[in-house]
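Everything below concerns the one structure shown next.
Heads up: numbering here begins at 1 and tracks the sequence. Just so you know, ligand 1 is whichever comes first in the structure, and atom 1 is the first atom listed for that ligand.
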Amino acid sequence: MKMITAIIKPFKLDDVRESLSDVGVEGLTVTEVKGFGRQKGHTELYRGAEYVVDFLPKVKLEVAVADERAETVIEAISKAANTGKIGDGKIFVTTLEQVIRIRTGETGNAAV
Ligand SMILES: Nc1ncnc2c1ncn2[C@@H]1O[C@H](COP(=O)(O)OP(=O)(O)OP(=O)(O)O)[C@@H](O)[C@H]1O
Ligand SMILES: [Mg+2]
């Protein structure tokens, strides 16, 4: 299994969530975060105003998927979150050891 962690622009959250539903993702975690990339936040615009601080508001998505679904999910996020402008974000993919569905006790692919 893979854990796909994506940092995206907050206003793209609805589009990304819809795309993920379209490809059959059945669960995800969303967190409001702050961060910066190569421009260190300085030259980036947020809601029309240039931020004077280093950290810009972003949304972090975490989606656990079976290995064979990872590419599809990565593509769905990449397409939906892309504006072509700086600050569109990043996707980090890590190997996921185990998933346990608490209610049923299912594990592995059956639990994601
Ligand atoms: N190397 C990194 N490690 C952890 N988080 C990162 C890293 N790079 C970017 N991020 C997170 O992703 C957010 C968006 O990054 P961003 O898209 O600006 O990256 P970038 O490399 O500057 O690309 P671009 O030139 O398209 O802006 C950052 O605000 C930060 O939260
Ligand atoms: Mg950047």
Side-chain angles (χ1 to χ4, degrees):
M1 291 166 291
K2 297 279 188 281
M3 179 60 92
I4 298 169
T5 304
I7 313 289
I8 63 167
K9 290 181 168 169
F11 84 94
K12 279 292 192 179
L13 177 59
D14 282 346
D15 288 347
V16 171
R17 199 210 42 193
E18 212 173 294
S19 295
L20 289 176
S21 293
D22 290 347
V23 298
V25 164
E26 297 192 300
L28 72 112
T29 302
V30 175
T31 316
E32 288 176 13
V33 296
K34 291 187 210 170
F36 64 83
R38 291 176 200 204
Q39 294 80 16
K40 309 238 187 301
H42 288 301
T43 58
E44 208 179 315
L45 295 177
Y46 178 69
R47 295 195 171 159
E50 190 166 331
Y51 256 65
V52 289
V53 292
D54 288 337
F55 295 106
L56 289 164
K58 299 286 171 184
V59 164
K60 179 168 83 171
L61 299 170
E62 291 164 299
V63 193
V65 295
D67 284 336
E68 59 270 23
R69 312 249 312 116
E71 269 316 308
T72 306
V73 168
I74 291 165
E75 245 173 58
I77 296 171
S78 302
K79 271 196 196 145
N82 191 305
T83 69
K85 306 234 170 76
I86 57 170
D88 273 353
K90 289 198 179 155
I91 301 174
F92 305 96
V93 183
T94 48
T95 300
L96 184 58
E97 279 286 311
Q98 184 59 293
V99 177
I100 298 107
R101 188 178 184 190
I102 292 175
R103 177 172 64 85
T104 59
E106 288 164 290
T107 58
N109 283 348
V112 294

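By heavy-atom distance, the residue among Pro57, Gly84, Gly35 lying nearest atom 29 (O) of ligand 1 is Gly35. Heavy-atom proximity to atom 26 (O) of ligand 1, evaluated over Ala81, Gly87, Gly37, is greatest for Gly87.
At least one donor-acceptor pair closer than 3.5 Å links the side chain of Lys12 to the backbone N or O of Ala80. In this structure a side-chain-to-backbone donor-acceptor pair under 3.5 Å is present from Thr83 to Lys85.
In the vicinity of Arg38, heavy-atom distances shorter than 4.0 Å reach the ligand 1 atoms 20 (P), 21 (O), 22 (O). Atoms of ligand 1 lying under 4.0 Å from at least one heavy atom of Gly89, given by number and element, are 14 (C), 17 (O). Residue Asp88 approaches ligand 1 through these ligand atoms, each under 4.0 Å from one of its heavy atoms: 17 (O).
Contacts between Ile7 and ligand 1, counted as non-hydrogen atom pairs separated by less than 4.0 Å, involve the side chain only.
Lys2 is not listed as a side-chain neighbour of Leu96, based on a closest heavy-atom distance of 4.5 Å or more. The side-chain heavy atoms of Thr95 and Asp67, taken from C-beta on, include no pair separated by under 4.5 Å. With a 4.5 Å cut-off on side-chain heavy atoms, Val112 and Val65 do not count as touching. Side chains of Lys9 and Lys58 form a contact here, defined as non-hydrogen atoms less than 4.5 Å apart.
Between Lys90 and ligand 1, a contact under 3.5 Å exists for at least one N or O pair. By the 3.5 Å distance cut-off applied to N or O atoms, Leu56 is not counted among the residues near ligand 1.
When each of Val33, Thr29, Val30, Ile8 is checked for a side chain to side chain contact (heavy atoms under 4.5 Å, CB included) with Lys60, only Val33 meets the rule.
Not a single heavy atom of Phe55 sits under 4.0 Å from any atom of ligand 1.
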